[in-house]
Amino acid sequence: MAIDNPSEDASENFKFFGLGGCNEVGRSSHILEYKNKVIMLDSGVHPGLSGMNSLPFFDEYDLSKVDILLISHFHLDHAASLPYVMQQTNFKGRVFMTHATKAIYRWLLSDFVRVTSMTGGGDEGRTENNLTNAAGSANLYTDEDLMTSFERIETIDYHSTIEVDGIRFTAYHAGHVLGACMYFVEVGGLKVLFTGDYSREEDRHLKVAEVPPTRPDILITESTFGTATHEPRLEKEARLMKLVHSTILKGGRILFPVFALGRAQELLLILEEYWSQNKDIQNINIYYASNLARKCMAVYQTYTSVMNDSIKLNPTGSSKSNPFDFKFIKSIKSVDRVHDIGPCVVVASPGMLQSGVSRQLLERWAPDPKNAVIMTGYSVEGTLAKDLLREPTAIPSITNPDMSIPRRISVDEISFAAHVDFIENSGFIDEVSPKKIILVHGDSNPMGRLKSALLSKYSSRKGTEDEVKVFNPRNCEEVLIGFKGVKIAKVVGRLAQAQVELINKALKEETKSPKIEVVEDGVSKDKDMVDKNEKEDAKESKTIETDVQISGVLISKDFDMNIMSLEDLSEFSQLSTSVVKSNAKLKVHANVSLVEWHLEQMFGHINVVIDDNQTWECIIMNMIYITANKAESDALNVTVEWINDNLMGDSLADSIVAILLSIDSSPVSVKMTSQHCSHNHIKKEEDTDMVKQEAPKKAHANTDIASRINRITSLLKSQFGDSMKSVSQSELVITIGKNEAKVDLNKLAVECGSRVLKDRVENIIKRGARLAAPLSYQQKMVSA
């Protein structure tokens, strides 16, 4: 495991896990994890292996956790295991690819299914992209699996951004092949760029790979060619056509083993242009032997709009409307249609020479030294294409492994593989400028050399904030990178409008400038001190701070946070609010005056809103609503009602209910309602009313300002004794030694030259103010 500054919070760590394509070329498939979101990149097979052995290591990861799967392009080493993942694993996520990729993917994998389902060794059946061996089937999924999975694939346009459950991703042109794209992925503030296979070299039909406008934190890039550099394209084309022309002149035949789709189309455009410019060889046949490519040629003819300007301007110079309507190239289905009595050129698949037309023609032409095989693509280890580059003396027969065929055919490699070389890859990394680089899609030696070259290039940054770290993990090896994003909440709705008004007001104040008198040619004029353009510059570059606390509801969905008012909740979040009210009903054997007295003793002040012959209603601390029904003669029907929105309200309601239930048994209530009368006057009418309850006096409920000041003064007197003198009703002077403190009782302010004395007096005043204030006032102060 490679680790870089991991966070204690696992969700803050970015994790890369390679299921395939790490320190190898083939079966590309990578897992990205961050903030409990999982992205899978590509799902291919290994061209040098067959059956289940060709799959990425899917058993090493729970694919049910994957949220989205992004396919970079249609090549089998990046897309061929997709139907297997979608239909035969516990994968439940969504799949995305570009329109052109999906159009070609259907035909490419349909042919792959047809070939891998064969069990025999019939040469005619072994066509392009066959990954089987001679022993039998390597079937991974059925045609039904392919069609079912095809319906679930969603498409994405270049430069469009799609969001799925907080994961944002954008597709950019990658070059390489038609429909290939890079993915810029953003999750919770973390930005990752996955290049897939990409090319930065201008060719005849594809756009070069783009540099996204936003800098990524992490770059996942291919390392196919390591530190190798490509020959300039025009020089390669000239050398290729010189080799082709010389082979034809000596009566030889040329074989181009290619992938059915991708570089084959580029090679066909080169041959078409060369034949159109050289009349002496126009009688020589060029064959394109791929039934699959013939079907997919319609896709190339359809998607010229996403190709480069060269295609749109028709570089062949012919009058045809579409450059892929070839004049000198014949498309054939099988090797039987190749007339090879004389010189000819055949572009045939598969590119790795595992089987199919390319393998058949190689075996047929290998013994003749006049013939030539030219490798124009990348050759994977473990394939005949890679072995052939070592120029063996013999090659094995596909029909009879025990028989060898002498190899006298010339072997040349002129790479037209649409992968970046070191100069292009290094330049792209400079432009993208990431701090973390993960290398994939490369054999161990080229990848290791590229890592060393990059670390050497950025060695001057080591130990600084701009240090660049490079990782080259193997399959099933984790890369753990600590990353803590910035959380930003946006203010929306009415709250945002209020902020805009404050900012506009601040801007208006900022742009006000004094007038000065300027004398020009003896004439006095008023002129702004600041030029209009300077004002605009200052307005754009200055940050306006309103310094206002915002109170609202914070709504978090995935990684987006919005602050809004309750009134905007349904409009911006599709949420609604509800109010839960609680109430308690009880009987109180006391009159309203006594109830009011007991409540005021507790809370200092209550707000009576209704007091008539039938109903009495009050509000306590703007939280609790108390209603008493006076209709009953022997008791009050009292209802206590409150909103369950905080613990304070619940606690307060419990206190009030306890007070109400204890009123009739309270000693104070008994004392205040008792009548002391003699037996001689018991029959008087006014004395017979002794059972009636009288309104108590509010002896301890004085909360006016004068009473509070008097209590604070008493507290100061008890602390400082004779050292305190009253100057007036609102001013005191406290003298301790040489230090004198003046106290303004109205403002509760202290002036004193001694910091120690001032702090002591202020603390006593603060405590006194709290003790003298009623409970309702203290609750307001706490809320504020």
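Only a predicted model underlies this, so the values are computations on that prediction, with no experimental measurement involved.
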Donor-acceptor side-chain pairing of Thr170 and Thr161 below 3.5 angstrom: yes
Nearest atoms (heavy-atom pairs only) where Pro47 meets Met352: CB-CG, 4.5 Å
Contact summary for Met182 and Glu210, nearest pair of heavy atoms: CE-O, 2.7 Å
Steps toward side-chain hydrogen bond (donor to acceptor under 3.5 Å, both in side chains) verdict (Asp62, Asn90): CA-CA 8 Å; Asp62 182 6; Asn90 57 359; 3.0 Å; yes
Side-chain donor or acceptor of His46 paired with backbone N/O of Gly48 under 3.5 Å: yes
Atom CG of Asp59 with >12 non-hydrogen neighbours under 6.0 angstrom: no
Heavy-atom pair with the smallest gap, counting every atom of Met40 and Ser29: CE-OG, 3.1 Å
Stepwise side-chain contact (heavy atoms from CB on, under 4.5 Å) test for Val113 and Tyr141: CA-CA 7 Å; Val113 170; Tyr141 44 85; 3.3 Å; yes
Verdict with reasoning, His441 to Thr224, per side-chain hydrogen bond (donor to acceptor under 3.5 Å, both in side chains): CA-CA 6 Å; His441 198 280; Thr224 312; 2.9 Å; yes
With Phe14 via ring-ring contact (aromatic ring centres under 6.0 Å, His included) - residues at least two apart: none
Salt bridge (Lys or Arg N to Asp or Glu O under 4.0 Å) evaluation trace for Arg233 with Glu237: CA-CA 6 Å; Arg233 182 175 66 87; Glu237 291 183 10; 2.8 Å; yes
Evaluation steps, side-chain contact (heavy atoms from CB on, under 4.5 Å), between Asp67 and Ile167: CA-CA 9 Å; Asp67 296 296; Ile167 305 171; 3.8 Å; yes
Verdict with supporting geometry, Lys15 and Glu33, salt bridge (Lys or Arg N to Asp or Glu O under 4.0 Å): CA-CA 5 Å; Lys15 184 170 82 171; Glu33 283 189 31; 3.4 Å; yes
ring-ring contact (aromatic ring centres under 6.0 Å, His included) evaluation trace for Tyr378 with Phe225: CA-CA 9 Å; Tyr378 183 81; Phe225 284 97; 5.7 Å; yes
For Gln301, all residues meeting side-chain contact (heavy atoms from CB on, under 4.5 Å), sequence neighbours excluded: Met297, Asn322, Phe324, Asp325
NZ/NE/NH1/NH2 to OD/OE distance under 4.0 Å, Glu154 and Lys102: no
Side-chain donor-acceptor contact under 3.5 Å, Ser72 with Asp42: yes
Taking every non-hydrogen atom, the tightest pair across Ala453 and Thr227: CB-CG2, 3.9 Å
Donor-acceptor pair, side chain of Asn475 and main chain of Cys22, under 3.5 angstrom: yes
Side-chain donor-acceptor pair present, Glu201, Ser199, cut-off under 3.5 Å: no
side-chain contact (heavy atoms from CB on, under 4.5 Å) between Asp77 and Val45, worked out: CA-CA 5 Å; Asp77 60 328; Val45 296; 5.8 Å; no
Short side-chain to backbone donor-acceptor contact, Arg200 and Ile423, under 3.5 Å: no
Taking every non-hydrogen atom, the tightest pair across Asn472 and Asn23: O-ND2, 3.2 Å
Under 3.5 Å side-chain donor-acceptor pair for Asp197 and His78: yes
Considering all heavy atoms, the nearest Phe112-Ala80 contact: CE2-O, 4.2 Å
Under the side-chain hydrogen bond (donor to acceptor under 3.5 Å, both in side chains) test, residues paired with His230 that sit two or more places apart: none
Side chain to side chain, Lys435 and Val468, heavy atoms closer than 4.5 Å: no
Side chain to side chain, Ile218 and Ile438, heavy atoms closer than 4.5 Å: yes
Check: Tyr198 ring centre within less than 6.0 Å of His176 ring centre: no
Sub-6.0 Å ring centroid separation between Tyr172 and Tyr183: no
Asn308 and Lys207 side chains, donor-acceptor separation under 3.5 Å: no
Ion pair Asp466/Arg461, N-O distance below 4.0 Å: no
For Thr195, side-chain hydrogen bond (donor to acceptor under 3.5 Å, both in side chains) partners two or more places apart: none
Audit row: Glu431, Arg215, salt bridge (Lys or Arg N to Asp or Glu O under 4.0 Å) steps and yes/no: CA-CA 9 Å; Glu431 290 190 64; Arg215 174 186 178 183; over 6 Å; no
Glu186: partners by side-chain contact (heavy atoms from CB on, under 4.5 Å), with sequence neighbours left out: Arg168, Lys191
His99 and Tyr303 aromatic centres sub-6.0 Å: no
Contact check, side chains of Phe17 and Glu477, non-hydrogen atoms, under 4.5 Å: no
Heavy atoms of other groups near Arg474 CZ, more than 12 under 6.0 Å: no
Derivation and outcome, salt bridge (Lys or Arg N to Asp or Glu O under 4.0 Å), residues Lys35 and Glu12: CA-CA 6 Å; Lys35 296 280 188 180; Glu12 297 290 349; 2.9 Å; yes
Validation row: Leu140, Ser54 side chains within 4.5 angstrom (heavy atoms): yes
Between Asp430 and Tyr458, a side-chain donor and acceptor under 3.5 Å: yes
From CA spacing to verdict: side-chain hydrogen bond (donor to acceptor under 3.5 Å, both in side chains), Glu266, His205: CA-CA 7 Å; Glu266 178 73 6; His205 73 293; 2.7 Å; yes
Stepwise side-chain hydrogen bond (donor to acceptor under 3.5 Å, both in side chains) test for Asp145 and Thr148: CA-CA 5 Å; Asp145 291 334; Thr148 302; 5.8 Å; no
Close side-chain approach of Pro434 and Asp217, heavy atoms under 4.5 Å: no
Non-hydrogen side-chain atoms of His30 and Val440 separated by less than 4.5 Å: yes
Val177 side chain reached by Phe74 side chain, heavy atoms, under 4.5 Å: yes
All ring-ring contact (aromatic ring centres under 6.0 Å, His included) counterparts of Tyr84, not counting sequence neighbours: none
Ring centre gap for Phe169 and Phe96 strictly below 6.0 Å: yes
Within the 6.0 Å centroid threshold, strictly below: His75 and Phe259: yes
Side-chain heavy-atom pair Asp165, Lys37 within 4.5 angstrom cut-off: yes
